[in-house]
Trainee: 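The structure follows.
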Amino acid sequence: MINEAVQLRVEKTLSFVPEGNVISYGLLADLCGLPGRARMMGKCLQEIETDCNWHRVLRADGKIALPSGSDKAREQRERLIAEGVEVKRSRVNMKNFGWTPDIHTILVALEY
DNA sequence: CACGTGACATACC
DNA sequence: GGGTATGCCACGT
């Protein structure tokens with residue numbers, strides 16, 4: 001894995017994303033204390049436990065980052081739809097799910 | 001050391 | 001809207 005501490009941060013941060021909502025790689029990186037390292041998030045998600053909220057992570061433009069047609073992409077789409085998230089052509093309208101994270105709460109919880 | 005690549009982001013055309 | 005260009009960072013070649 002990339003980094004034990006980072007993985008833990010990612011998992012914890014994801015636990016703050018409510019069901020039926022989504023988050024971008026960039027914002028996730030920011031909340032993990034790793035601004036500008038959105039690409040690293042993808043690496044982590046590949047090695048993180050399957051029972052975390054990995055399916056709520058989308059690209060900034062709302063598209064599912066996984067290769068369209070892949071099993072993983074289908075699974076992510078199904079999971080999102082199951083939560084009530086509308087997915088059109090492998091993409092969601094980020095404006096409808098503007099998750100306004102409580103930064104302070106997260107920072108305290110993660111003890112930054 | 002120099003590139004190329006990637007579950008990315010932003011700016012610009 | 002799509003396409004290109006940069007910036008970004010970890011990894012492999």
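Chain A is the first sequence line, chain B the second, and so forth, proteins listed ahead of strands; every chain is numbered from 1.
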Trainee: Would you give the length of the straight line joining atom CZ of A:Arg56 to atom CG of A:Leu28, rounded to the nearest 0.5 angstrom?
Mentor: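 So the gap between those two atoms works out to 12.5 Å.
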Trainee: Mind running salt bridge (charged side-chain N to carboxylate O under 4.0 Å, His left out) on A:Asp61 and A:Arg59 for me, showing each step along the way?
Mentor: CA-CA 5 Å; A:Asp61 61 5; A:Arg59 282 186 357 190; 3.0 Å; yes
Trainee: Whole-Å distance between B:dA7 P and A:Leu58 CG?
Mentor: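 Taking atom P of B:dA7 as the reference, CG of A:Leu58 is at 15 Å.
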Trainee: Please set out all donor-acceptor pairs under 3.5 angstrom arising from side-chain atoms of residues 65-72 of chain A, sequence neighbours excluded.
Mentor:
residue: A:Ser70; atom: OG; partner: A:Pro67; partner atom: O; Å: 2.7
residue: A:Ser70; atom: OG; partner: A:Ala73; partner atom: N; Å: 3.2
residue: A:Asp71; atom: OD1; partner: A:Arg74; partner atom: NH2; Å: 2.7

Trainee: As a quick check of understanding, evaluate side-chain contact (heavy atoms from CB on, under 4.5 Å) for A:Leu45 and A:Tyr25, giving each step before the final call.
Mentor: CA-CA 10 Å; A:Leu45 293 189; A:Tyr25 288 88; 3.9 Å; yes
Trainee: Please list each protein N or O that sits under 3.5 Å from an N or O in nucleotides 4-6 of chain B, with the distance.
Mentor:
residue: B:dG6; atom: N9; partner: A:Arg39; partner atom: NH2; Å: 3.0
residue: B:dG6; atom: N7; partner: A:Arg39; partner atom: NH2; Å: 3.0
residue: B:dG6; atom: N3; partner: A:Arg39; partner atom: NE; Å: 3.4

Trainee: If you define the side chain from C-beta out and look only at heavy atoms, does anything of A:Leu31 sit under 4.5 Å from A:Ile23?
Mentor: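 Result yes, sub-4.5 Å side-chain heavy-atom pair found.
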Trainee: Check the distance between B:dA7's C1' and A:Leu27's CG and give it to me in whole angstrom.
Mentor: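 For the pair A:Leu27 CG and B:dA7 C1', the rounded distance is 16 Å.
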Trainee: Of the listed nucleotides (B:dA7, C:dA10, B:dA9), which one gets closest to any side-chain atom of A:Arg37?
Mentor: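 Given the options B:dA7, C:dA10, B:dA9, the side chain of A:Arg37 is closest to C:dA10.
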Trainee: In whole Å, what is the span from the CG atom of A:Leu28 to the P atom of C:dC8?
Mentor: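 It works out to 20 Å between those atoms.
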Trainee: From CZ of A:Arg56 over to C1' of B:dA7, roughly how many Å is that when rounded to an integer?
Mentor: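 After rounding, the reported distance stands at 17 Å.
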Trainee: Looking at A:Glu75 and A:Arg79, is any side-chain nitrogen of the basic one under 4.0 Å from a carboxylate oxygen of the acidic one?
Mentor: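 A:Glu75 and A:Arg79: salt-bridged.
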Trainee: Separation of A:Leu34 atom CG from C:dA10 atom C1', in whole Å?
Mentor: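 Between C1' of C:dA10 and CG of A:Leu34: 12 Å.
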Trainee: Is a side-chain N or O of A:Arg77 found less than 3.5 angstrom from the main chain of A:Val87, in a donor-acceptor match?
Mentor: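 No, the answer is negative, given that no donor and acceptor are paired below the 3.5 Å cut-off.
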Trainee: What interatomic distance, in whole Å, is found between C1' of B:dA7 and the corresponding atom of C:dT13?
Mentor: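 22 Å, rounded to whole Å.
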Trainee: I want to verify a distance call: between C:dG2, B:dA9, C:dA10, whose nearest atom is closest to the A:Arg91 side chain?
Mentor: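 Shortest atom-to-atom distance from the side chain points to C:dG2.
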Trainee: Nearest to the A:Ala38 side chain among C:dA10, B:dA9, B:dA7, which nucleotide is it?
Mentor: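 Nearest to the side chain of A:Ala38 among the choices is B:dA9.
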Trainee: Within this structure, what is the CH2-to-P distance between A:Trp54 and B:dA7, rounded to whole angstrom?
Mentor: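 Rounded to the whole Å, the gap is 14 Å.
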Trainee: Would you mind reading off the distance between A:Met41 atom CE and C:dC8 atom P, rounded to a whole angstrom?
Mentor: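 After rounding, the gap between these two atoms is 16 Å.
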Trainee: Take the protein atom CG of A:Asp30 and the nucleotide atom P of C:dC8, then report the distance between them rounded to whole Å.
Mentor: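 Computing the A:Asp30:CG to C:dC8:P distance gives 14 Å.
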